[in-house]
Amino acid sequence: MATDYDEVRSDVKESQERSLEALQSANAPDARSVVRELDEADSLDGAMVPGGEIVAEELTVQVIPQANDEFTCYSCFLVRHRSQIAREKNGHAYCIDCEG
């Protein structure tokens with residue numbers, strides 16, 4: 001009688017079926033419960049700060065426009081005084097810190 005060496009052995013096949021059944025019967029969370037838990041966690045994160053306090057203040061910042069003697073560095077995007085221009089290339093100015 002010829003032996004088929006590519007065939008899965010019976011003991012290996014049985015153990016694979018048992019492990020598959022164990023995985024299917026395990027108490028795994030379904031997709032809806034995971035989404036619900038993530039939504040609950042996100043709603044709590046928005047109102048809390050690391051210290052656990054609820055912050056209800058709104059911060060206001062006064063924005064001052066760029067003056068005539070200032071430029072914005074094309075590399076670091078900081079607004080600097082014209083005396084700090086290191087070079088200008090293709091209409092873009094670079095500061096001393098970025099070119100130094």
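Just so we're clear, the structure is a prediction, and the values are computed from it rather than from any experiment.
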**Q** Between F71 and H81, what is the shortest heavy-atom contact and its length?
**A**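 Taking F71 first and H81 second, the nearest heavy atoms are CE2-O, 3.1 Å.
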
**Q** Show which side-chain atoms of residues 58-68 pair as donor or acceptor with protein atoms under 3.5 Å away, not counting sequence neighbours.
**A**
{"from": "Q66", "atom 1": "OE1", "to": "T72", "atom 2": "OG1", "distance (Å)": "2.9"}
{"from": "Q66", "atom 1": "NE2", "to": "E70", "atom 2": "O", "distance (Å)": "3.0"}

**Q** Less than 3.5 Å apart, which donor and acceptor atoms pair up between the side chains of residues 91-100 and the rest of the protein, not counting sequence neighbours?
**A**
{"from": "D97", "atom 1": "OD2", "to": "R80", "atom 2": "NH1", "distance (Å)": "3.1"}
{"from": "D97", "atom 1": "OD2", "to": "R80", "atom 2": "NH2", "distance (Å)": "3.1"}
{"from": "E99", "atom 1": "OE1", "to": "R87", "atom 2": "NE", "distance (Å)": "3.0"}
{"from": "E99", "atom 1": "OE2", "to": "R87", "atom 2": "NE", "distance (Å)": "3.4"}
{"from": "E99", "atom 1": "OE2", "to": "R87", "atom 2": "NH2", "distance (Å)": "3.4"}

